[in-house]
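Note that the structure is a prediction, hence the values are computed from the model and not measured.
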Amino acid sequence: MTRPTRPERRWSPAVVAWPVLGIVVTVVAWWAVVEIFDIQPIILPSPVDVYEGFRTYPELLLQTTWDTVRVTLIGFGLSVIIGVALGTAIAAWKPFERAFGPLLVALNAVPKVAIAPLMIAWFGFGTKPVLAMAFLLCFFPIVLSTATGLASTPADLAELARSLSATRTQTFLRVRVPAALPQIFVGLKLAMPLAVIGVAVGEMQSGGVDEGLGTIIVQTAGQGDTATAFAALTLMAIVSIILYYVLVLIERLALPWVRGTTA
């Protein structure tokens, strides 16, 4: 008796249509609220005002967007390297988890905005405190997801590796790491938007940074140019969406077996 084959998942226009519909509904609702309640542009600009704000400084906004993306990717990359290493150490060695686990939880609980002035004192003005803020905001989900994924290897796979006389290194690389990758990608997808938030907060707090969308938001909002500030916020949201779905695409390409083995 042959097993029924799984229906192949095909791309559907609804994948794009639903997000576009959600954006259109949100923009229309935003515009309707501004018009119905006659809200002043300095308090809440309409979508048309935001578009005009972008048209006023297109080159500046696009350049600062690239600056924010560059720092976000660097901070995210550092958090991935250190976060995966710490998560691996926690999963591999119980004394390490008992010694440093509470400290990691305490560090994650500290309000990052509260220590932003201290980061300027520690690292000076410039990009370093912005990178530190991005790192602190997004590395903990990566540590947690890595440790959880490596510690939750399916028992049947572990037993199979033992029956084949696999060494600890072989079991780790060929069994535990592949089994943990879906959970690790969950942490990466959680951390990416947090990295963008960390960069924005760092740019807003570090007065010595002359580039980045966070700086544009502070400067234009202080001058009463709320439309340009909202244009920068919109670009920041677009950056978060693009980077998030780049990670989703990488996950689908790197882990093709996940879609084939899950409902």
Would you name the heavy atoms of [X] and [Y] that are closest together and state the gap between them?
{"X": "V34", "Y": "P45", "result": "CG2-O, 4.1 Å"}
{"X": "A91", "Y": "A151", "result": "CB-N, 4.3 Å"}
{"X": "G53", "Y": "A231", "result": "C-CB, 4.5 Å"}
{"X": "V50", "Y": "T234", "result": "CG1-OG1, 4.1 Å"}
{"X": "T56", "Y": "P58", "result": "C-CD, 3.4 Å"}
{"X": "F76", "Y": "S79", "result": "O-OG, 2.6 Å"}

Query - For I197, side-chain contact (heavy atoms from CB on, under 4.5 Å) partners two or more places apart - result: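 Applying side-chain contact (heavy atoms from CB on, under 4.5 Å) to I197 gives L137, L194, V201.
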Report task. For V218, enumerate each residue passing the side-chain contact (heavy atoms from CB on, under 4.5 Å) test, keeping only those at least two apart in sequence or located in another chain. Result ->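 Per chain and number, V218 pairs via side-chain contact (heavy atoms from CB on, under 4.5 Å) with M204.
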Query - Modelled atom types, side-chain donor and acceptor of S152 and Q183, under 3.5 Å - result: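 Judged by distance alone, the side chains do not pair up.
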Query raised in the report: Hey, are T64 and D67 close enough side-chain-wise for a donor-acceptor pair under 3.5 Å?
Result: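 Side-chain D/A pair, D67 to T64: absent.
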Any heavy-atom pair between the side chains of [Y] and [X] that's under 4.5 Å?
{"X": "Y57", "Y": "D225", "value": "yes"}
{"X": "L190", "Y": "S145", "value": "no"}
{"X": "I217", "Y": "M236", "value": "yes"}
{"X": "V239", "Y": "T72", "value": "no"}
{"X": "L86", "Y": "F100", "value": "no"}
{"X": "L107", "Y": "L103", "value": "no"}
{"X": "K189", "Y": "E251", "value": "yes"}
{"X": "I43", "Y": "T226", "value": "no"}

Report task. Evaluate the criterion side-chain contact (heavy atoms from CB on, under 4.5 Å) for residue pair F54 and L62; output intermediate values, then yes/no. Result -> CA-CA 9 Å; F54 178 79; L62 290 177; 4.2 Å; yes
Please report the interatomic distance [atom1]([X]) to [atom2]([Y]), rounded to the nearest 0.5 Å.
{"X": "L118", "Y": "K112", "atom1": "CG", "atom2": "NZ", "result": "13.0 Å"}
{"X": "W66", "Y": "L213", "atom1": "CH2", "atom2": "CG", "result": "13.0 Å"}
{"X": "I42", "Y": "D49", "atom1": "CD1", "atom2": "CG", "result": "12.0 Å"}
{"X": "T146", "Y": "I184", "atom1": "OG1", "atom2": "CD1", "result": "4.5 Å"}
{"X": "T220", "Y": "F230", "atom1": "OG1", "atom2": "CZ", "result": "10.5 Å"}
{"X": "I115", "Y": "Q205", "atom1": "CD1", "atom2": "CD", "result": "11.0 Å"}

**Report entry** Residues F139, V80; criterion side-chain contact (heavy atoms from CB on, under 4.5 Å); working and verdict
**Finding:** CA-CA 7 Å; F139 97 104; V80 170; over 6 Å; no
Mind checking whether [X] and [Y] sit in one hydrophobic cluster, side chains of I, L, V, M, F, W, Y counted as touching below 4.5 Å?
{"X": "W122", "Y": "V71", "result": "yes"}
{"X": "V25", "Y": "V48", "result": "no"}
{"X": "L255", "Y": "V248", "result": "no"}
{"X": "L249", "Y": "Y245", "result": "no"}
{"X": "V246", "Y": "I238", "result": "yes"}

Query raised in the report: Taking it one step at a time, do I250 and F185 satisfy side-chain contact (heavy atoms from CB on, under 4.5 Å)?
Result: CA-CA 9 Å; I250 293 173; F185 267 99; 4.2 Å; yes
Just checking [X]: does its [atom1] atom have more than 12 heavy atoms from other residues, nucleotides or ligands closer to it than 6.0 angstrom?
{"X": "F96", "atom1": "CZ", "result": "yes"}
{"X": "E35", "atom1": "CD", "result": "yes"}
{"X": "R55", "atom1": "CZ", "result": "no"}

**Report entry** Candidate pair T68 and E203, rule side-chain hydrogen bond (donor to acceptor under 3.5 Å, both in side chains), full reasoning
**Finding:** CA-CA 9 Å; T68 296; E203 290 170 347; 3.3 Å; yes
Report task. Please identify each residue that fulfils ring pair (Phe, Tyr, Trp, His ring centres under 6.0 Å) with F140, with sequence neighbours left out. Result ->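 Not a single residue meets the ring pair (Phe, Tyr, Trp, His ring centres under 6.0 Å) criterion with F140.
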Requested in this report: Decide yes or no on side-chain contact (heavy atoms from CB on, under 4.5 Å) for V130 and M119, but give the supporting numbers first.
Outcome: CA-CA 9 Å; V130 180; M119 290 185 181; over 6 Å; no
